Novice: 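Can you keep this structure in mind? I'll have questions shortly.
Note that this is a predicted model, so its numbers are computed, not measured. Proteins come first, then strands; the chains are lettered A, B, ... in the order of their sequence lines, and each starts at number 1.
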Amino acid sequence: MPAAVESDQASHRNLLDWLCRASVRPGPRAGVRAGALVRSVRMDRYDPHEIERRWQAVWERERTWEVPNPGQPGFDDSKPKCYVLEMLPYPSGEPHVGHLKNYSLGDAIAHFRRRNGYQVVHPMGYDAFGLPAENNAIDTGQHPRDAVEASIAAYREQFRAWGVSIDWSRELATHAPEYYRWTQWIFLRLFERGLAYRAEAPVQWCPVDQTVLANEQVIDGHCERCGSLVEARDLEQWFFRITEYADRLLADFDLLESWPEHVVTMQRNWIGRSEGAEVTFRCEELGIDFPVFTTRPDTLFGATFFVLAPEHPEVRRLAAGTEHEDAVRAYVDESIRESAEERASEERAKTGVPLGRTVTNPVNGEQIEMFVADYVLMEYGTGAVMAVPAHDQRDFEFATAFGLPVRRVVAPRRSGGPAAPGRDAEEAAGNGDPLGEAFLGHSDDEVLVNSDEYDGIGSVEAKRAIVADLERRGLGHPAVNYRLRDWLLSRQRYWGCPIPVVYCETDGIVTVPDDQLPVELPDVEDYAPKGRSPLAAVEDWVNTTCPECGGPARRETDTMDTFVDSSWYFLRYLDPDNERLPFEREIADYWMPVDQYIGGVEHAILHLMYARFFVKAFADMGMLGVQEPFASLFTQGMITMGGAKMSSSKGNTVSAIETVERYGADTARTYVCFLGPPERGGDWVPEGVEGVHRFLVRLWRLQCEVVERTEPRADESGLPEQGPARELLAKANWAIDKVTRDIEHGFALHTAIAAVMELVNDAYRLKDSLYGTPQGESALCFATATAASLIFPFAPHLGCEAYEAITGGRVWEQPWPEADPALLERDTFTLVVQVNGRRRDQIEAAAGTPDAELLELARASENVRRHLDGKEVVKEIVVPGKLVNLVVR
RNA sequence: GCCGGAGUGGAGGAAUCGGCAGACUCGCGGCGCUCAAAACGCCGUGCCCUUCGGGGCGUGUGGGUUCGAAUCCCACCUCCGGCACCA
């Protein structure tokens, strides 16, 4: 072996090494490879389907993508683990281009990590319970299980046709009794710890889907799924106590490796933590205490009235016997009838009715008037507020409408020191101190005014002092409030996981013992919901015996929200056949957390927050050693067509299946990765698909030509010093470096693919000058094999085929290539010469040329001289390896 | 209203430690191959002017910092996403 090659080859890993050692390319290949059988008939025609089927058969036969768990035969403990996961699909109809993108991105990462030395687990499953299949059953009578399983078959077939590298031995579906048995088991463990409970609460009811919804599933007062207006109802329902984890859900954002900032922000907003105090206002006449939550206890002296939500349980009692009784009743009835949407509408004037009662302001003993008004929400805080009109926009509007007093109690410290005590708002306004300025300026440099002994104290300090004083008198204490509500999990629908609970006449709520799980979902005659679950009609299922006393009992007929099913599926993949537990802790601890999770941003709050909650609860129960399920999250953008969201009603859909049938999976996969930055959406352009297809065909033909026209022979000449062979080798190494960095840094798959395109373009441009010499042919073989190797994560079948044709090796068994630093360094560079910052010339210069020489080169340029003529050079800027800028006057 | 993100050719997009604006792909134009077309290959393609040497303008708008700004700062406009009577 030539010495020149020997010194450089190590960094080429086995590819260039192999090319140099054995021959330019192998003669007859050893053994029967998948591609070798048909080489004779292949010719120049790129037949993606034939190639794709063939490699898929190899992977399937050899179970290439299956990875054993620790302790199982074949487990390789020398490699670090890597869990690559895409959000599991909801099997409805057929997979679409959104799925294609999701799984193409994930598969590229999985392949990339594998070839970088990781033991990658990359499983797949189906989120099979849920309304679409059930609604379909109502329309057609087809059992949801049959519909869902037909879809699963279609999805599975597509994923195979796309050549996604899935470990099929771990496949699961959430509607299978073997799976939901453990969903029920988890429910029971949460129940035992008080994290699942049943309670009556005001809930949101979707009249079309005929079920209650979780808060997260209501958007602007509408059902997230079907869009209909939700109604408020008081019902007894099952909840998960996610609010208990609110602080940890916030704090543990710190444990995440790489999540999009906006997803974290969305969850933060959703949890909506606010610090303040709970303060008690007492109605002396009736002897009722009204606690309120406030973030501004420092403004207590400005509380000039008091407002209850129309739903507040004490409203009717307060008004009873007063002159306002009828008006209050009418107002409350009207408010409750109105939808949340109407109540929240923006430009609506504040309305309300006096209650004819007063409460005592605990800081100064003032009697302030009570009102009922619909701008106060029962769902937040205590359903009552102290109104501080001087410093709250909403209270101010109400006060204006009802002619109530406005008293300013904080003022900016800067405006000439503390304001004179006793000055009221009208005065302040009259003194050119507009009230508008008084609205909650959150500057820390405010001081209290009109607040007795607290006057002059800074607002931050005053908060502490006032709350401490109230606490001493038993009238308040510091408090934290959350926007987050407990997760309402029961649904009055059929196609979901049964809740493993019975109601016994003597024992009340009794859980089904573990050894009787799963509580199987029975078949029903009629799927239509009638305000309660269709399961309620299955008499011989509902009527059962109490596991405690053996007496008669009725089963819970509600089923679980499907988000329960998907909150732990990523753990079941790791131990899918376990019949003792949902998953073995040791196995889960080995693989968890998910290193890279990929899915749509639409799950930013719901699924991702629920799954985080489950994992924390599991950790608390000793089932798991991690606090967070997903170390890194990538949210892909939606594919549009003509700038609009694809929908069958608009007729602008693209079928993933048809695209794959027409161009092959490699083209479809590469196209969705090439469309643009994957985190952004991308517009599907049919000509763009053609363009990517053309590129793959070019690579294919290049490979055919190289195999045909290069001679298998030993190359003893070492790395070329210059000329086209050197240029192409340099380009190939540049591409290795670029693709590697782009995939590693922020998922820039589109620019990675562009780099391979550049390599192929250069190979085309240079190939005719490379044939005939050992160095040239060696470089061409290396470049082509490198292109195949680099495109493999995106177009795995073509990557395999082309790589094998040139090297005889299987590309997925090769380590990811490493760029040779010697070939990355350019020996010349283009020196840009500017005069006054404008480009006047460019000159080829040797790398490492000293600054002084660069300046001379620059001044020697004819065009530069023209611009220097008659002027004085006042400054010379040299950026080594880049440019020279001459500043003249 | 508040919090994020983004505005670059005919289109998608590249360039983000401040240093050649427009990589790559599409589209368009030219040439080659062909009886011809498609396919394929090569070349060109921001706008304007040009004596063909080159020159001017150009990254949403207006200012600023700098030898030099798509990139940094200030003000504003537009679009997208999230939250929103949350006390």
Novice: Should we say atom CZ of Arg662(A) is surrounded by more than 12 heavy atoms from elsewhere, each under 6.0 Å from it?
Specialist: no

Novice: Ignoring hydrogens and angles, answer whether the base of C83(B) and the side-chain atoms of Asn269(A) contain a donor-acceptor pair closer than 3.5 Å.
Specialist: no

Novice: Is a donor on one side and an acceptor on the other found under 3.5 Å between the side chain of Thr849(A) and the backbone of Ala846(A)?
Specialist: yes

Novice: Check every strand shown and say whether Val887(A) touches a base, only sugar-phosphate, or nothing at a heavy-atom separation below 4.0 Å.
Specialist: sugar-phosphate

Novice: With rounding to whole Å, what would you report as the distance between G4(B) and U8(B) at their P atoms?
Specialist: 22 Å

Novice: More 5' along RNA chain B: Asp683(A) or Tyr764(A), using each one's nearest nucleotide?
Specialist: Asp683(A)

Novice: Whether Arg840(A) contacts G68(B) is assessed here as follows: a side-chain N or O lying under 4.0 Å from the phosphate OP1 or OP2. Is that the case?
Specialist: no

Novice: Can you tell me the distance, in whole Å, between the NE2 atom of His745(A) and the C1' atom of A15(B)?
Specialist: 16 Å

Novice: Rounded to the Å, how far apart are Arg483(A) CZ and A87(B) P?
Specialist: 11 Å

Novice: Please confirm whether the shortest side-chain N or O distance from Arg680(A) to OP1 or OP2 of G12(B) is below 4.0 Å.
Specialist: no

Novice: Is the shortest distance from a Lys or Arg side-chain nitrogen in Arg859(A) or Glu876(A) to a carboxylate oxygen in the other one below 4.0 Å?
Specialist: yes

Novice: Please tell me whether Tyr375(A) and Phe398(A) form a close aromatic pair, meaning their ring centres lie under 6.0 Å apart.
Specialist: yes

Novice: Looking only at the aromatic ring of each residue, does the gap between the centers of Tyr663(A) and His693(A) stay below 6.0 angstrom?
Specialist: yes

Novice: For Trp259(A) together with Phe634(A), are the ring centres under 6.0 Å from each other?
Specialist: no

Novice: Identify whether any heavy atom of Tyr482(A) sits under 4.0 Å from a base atom; if not, whether one sits that close to sugar-phosphate; answer base, sugar-phosphate or nothing.
Specialist: nothing

Novice: Considering every strand and a 4.0 Å limit on heavy-atom distances, what is the contact class for Asn481(A): base, sugar-phosphate, or nothing?
Specialist: nothing

Novice: Please state how far atom CG in Asp298(A) lies from atom P in A87(B), giving the value in whole angstrom units.
Specialist: 13 Å

Novice: Could you measure between the two C1' atoms, the one in C40(B) and the one in U34(B), and give it in whole Å?
Specialist: 11 Å

Novice: Just the rounded figure in Å: distance from P of A84(B) to CZ of Arg394(A).
Specialist: 13 Å

Novice: Which of parallel (below 30°), tilted (30 to 60°) and perpendicular (above 60°) describes Trp700(A) and Tyr46(A)?
Specialist: tilted

Novice: G10(B) and G1(B): how far apart are their P atoms, nearest whole angstrom?
Specialist: 33 Å

Novice: Roughly how many Å is it from CG in Leu675(A) to P in A14(B), rounded to a whole number?
Specialist: 11 Å

Novice: Figure out the CZ/C1' separation between Phe293(A) and C86(B), and round it to whole Å.
Specialist: 9 Å

Novice: For Glu844(A), look at atom CD and say whether over 12 heavy atoms of other residues, nucleotides or ligands are found less than 6.0 Å away.
Specialist: yes

Novice: Quick one: pull up CZ in Arg698(A) and CD in Gln703(A) and give me the separation to the nearest 0.5 Å.
Specialist: 14.5 Å

Novice: Both distances under 3.5 Å, Watson-Crick or G-U wobble: report the partner of G41(B), or none.
Specialist: C31(B)

Novice: Ignoring backbone atoms, test whether His867(A) places a side-chain nitrogen or oxygen under 4.0 Å from the OP1 or OP2 oxygen of G55(B).
Specialist: yes

Novice: Whether Arg701(A) contacts G41(B) is assessed here as follows: a side-chain N or O lying under 4.0 Å from the phosphate OP1 or OP2. Is that the case?
Specialist: yes

Novice: Measure CG/Asn885(A) against C1'/C20(B) and give the value in whole Å, please.
Specialist: 13 Å

Novice: Can you tell me how far C1' in C67(B) sits from the matching atom in G46(B), rounded to whole Å?
Specialist: 26 Å

Novice: Give me the distance, rounded to whole Å, that separates A15(B) from A70(B) when you measure between the P atoms they each carry.
Specialist: 16 Å

Novice: Taking CZ from Arg273(A) and P from A87(B), how many angstroms apart are they, rounded to a whole number?
Specialist: 13 Å

Novice: Taking the same atom, P, in G60(B) and in U78(B), what whole-Å distance lies between them?
Specialist: 16 Å

Novice: Taking the same atom, C1', in G18(B) and in G9(B), what whole-Å distance lies between them?
Specialist: 23 Å

Novice: Using both distances under 3.5 Å as the test, list the Watson-Crick or G-U wobble partner of A14(B), or none.
Specialist: none

Novice: Using atom C1' of each nucleotide, how far apart are C35(B) and C28(B) to the nearest Å?
Specialist: 27 Å

Novice: Give the residues of residues 874-883 of chain A touching RNA chain B, defined as any heavy atom closer than 4.0 Å, sorted by residue number.
Specialist: Lys875(A), Ile877(A), Val879(A), Lys882(A), Leu883(A)

Novice: Please check if the distance between the ring centroids of His391(A) and Phe396(A) is under 6.0 Å.
Specialist: no

Novice: I need the Gln267(A) CD to Arg612(A) CZ distance, nearest 0.5 Å.
Specialist: 5.0 Å

Novice: Could you tell me which nucleotide pairs with A36(B) by Watson-Crick or G-U wobble geometry, both distances under 3.5 Å, or answer none if nothing does?
Specialist: none

Novice: If the sugar-phosphate is the primed atoms plus P, OP1 and OP2 and the base is the rest, what is the B/S/- string for nucleotides 21-30 of chain B, using protein heavy atoms under 4.0 Å?
Specialist: --BBSSS---

